[in-house]
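First comes the structure, then the notes that go with it.
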Amino acid sequence: QVQLVESGGGLVQAGGSLRLSCAASGNIYSINVMGWYRQAPGKQRELVAGISSGGSTNYADSVKGRFTISRDNAKNAVYLQMTSPKPEDTAVYYCFADGIAVRDSVGFLEVWGQGTLVTVSS
């Protein structure tokens with residue numbers, strides 16, 4: 001079984017910085033894409049950023065130039081560096097991993113973390 005565990009959420013002032021981390025555990029051979037979604041109160045879940053195993057990245061327009069996604073394939077981990085956050089970035093942030101190949105198993109998995117709350121104060 002594969003699990004994602006997030007850490008790093010909390011309260012941050014606008015203009016400050018915060019780093020989210022997410023690590024996948026289990027009998028993992030490889031992971032294709034990892035990234036972050038977020039969901040603000042009363043809004044739909046939206047993609048924040050994603051990164052492939054080769055390092056290709058994509059970002060939501062609203063966070064381009066402020067957030068940076070990175071990953072450590074050896075640790076099956078993904079990170080989101082949030083700089084100059086704004087109050088509108090307040091949301092529950094969910095880590096996801098897609099295209100997970102598990103040793104001694106066929107097929108690929110998609111797994112989500114439990115979410116971590118980020119609150120940006122003005």
Side-chain angles (χ1 to χ4, degrees):
Q1 186 172 353
V2 175
Q3 291 185 322
L4 298 179
V5 178
E6 300 137 334
S7 61
L11 177 65
V12 61
Q13 281 193 329
S17 64
L18 194 68
R19 189 187 193 217
L20 304 183
S21 300
C22 172
S25 63
N27 198 16
I28 298 169
Y29 177 74
S30 64
I31 302 175
N32 184 21
V33 178
M34 300 186 77
W36 298 88
Y37 274 74
R38 68 185 180 186
Q39 187 165 20
K43 294 188 176 182
Q44 289 189 327
R45 190 174 295 192
E46 63 174 357
L47 175 68
V48 177
I51 184 168
S52 71
S53 57
S56 297
T57 59
N58 66 297
Y59 295 91
D61 288 342
S62 59
V63 306
K64 282 180 181 177
R66 299 187 298 119
F67 293 4
T68 301
I69 190 169
S70 61
R71 69 186 278 179
D72 184 333
N73 291 330
K75 295 181 179 179
N76 292 319
V78 64
Y79 311 95
L80 186 69
Q81 181 67 46
M82 305 171 63
T83 56
S84 300
K86 304 174 182 179
E88 50 263 44
D89 294 319
T90 295
V92 176
Y93 284 70
Y94 296 91
C95 173
F96 75 92
D98 193 17
I100 303 171
V102 178
R103 290 187 175 88
D104 302 321
S105 180
V106 296
F108 299 92
L109 302 178
E110 176 185 296
V111 178
W112 289 79
Q114 78 285 358
T116 185
L117 177 63
V118 173
T119 303
V120 183
S121 63
S122 57

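What you see below is based on every heavy atom in this structure, not just the backbone, and it leaves out hydrogens, waters and symmetry mates.
The shortest side-chain heavy-atom distance between L20 and M82 falls under the 4.5 Å cut-off. The shortest distance between side-chain heavy atoms of Y79 and D72 falls below 4.5 Å. With a 4.5 Å cut-off on side-chain heavy atoms, V120 and V118 count as touching. Taking 4.5 Å as the limit, every side-chain heavy atom of V2 sits out of range of all side-chain heavy atoms of N76. Side-chain contact between W36 and C22 is present, with at least one heavy-atom pair separated by less than 4.5 Å. Annotation: side chain of N32 is not in contact with side chain of F108 (no heavy-atom distance under 4.5 Å).
Annotation for V12 and P85: closest pair CG1-CG, 4.0 Å, computed over non-hydrogen atoms. Between L4 and A97, the closest heavy-atom pair is CD1-N, 3.7 Å. Of all heavy-atom pairs spanning A24 and I28, the tightest one is CB-CD1, 3.6 Å. Shown here for A14 and S122, the closest heavy-atom pair between the two residues is CB-CA, 4.3 Å.
Taking CG of L18 as the start and CD of Q13 as the end, the distance is 12.5 Å to the nearest 0.5 Å. Here CG of L11 is found 9.0 Å from CG of L117. Values are rounded to the nearest 0.5 Å. Atoms CG and CE, from L80 and M34 in turn, are 12.0 Å apart once rounded to the nearest 0.5 Å. For the atom pair CD of Q81 and OG of S21, the computed distance is 9.0 Å after rounding to the nearest 0.5 Å. To the nearest 0.5 angstrom, L109 atom CG is 10.0 Å from I31 atom CD1.
Salt bridge K64/D61: present, at least one basic N to carboxylate O contact under 4.0 Å.
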What's the verdict on side-chain contact (heavy atoms from CB on, under 4.5 Å) for F96 and V78, showing C-alpha distance, side-chain angles and the deciding distance? CA-CA 9 Å; F96 75 92; V78 64; over 6 Å; no
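Counting only N and O atoms by type, the side chains of R38 and Y93 include a donor and acceptor under 3.5 Å apart.
The number of heavy atoms from other shown groups lying within 6.0 Å of CD (Q114) is above 12.
Here the side chain of T83 pairs a donor or acceptor atom with the backbone of R66 at under 3.5 angstrom. Of the possible donor and acceptor atoms, one in the side chain of N73 sits under 3.5 Å from a partner among the backbone N and O of S53. The closest donor-acceptor contact from the side chain of Y59 to the backbone of I69 lies under 3.5 Å.
Y37 and V33 end up in the same hydrophobic cluster when Ile, Leu, Val, Met, Phe, Trp and Tyr side chains are linked at under 4.5 Å.
Taking the six-membered ring where the residue is Trp, Y94 and W112 present perpendicular rings, their angle passing 60° and hence far from 30°.
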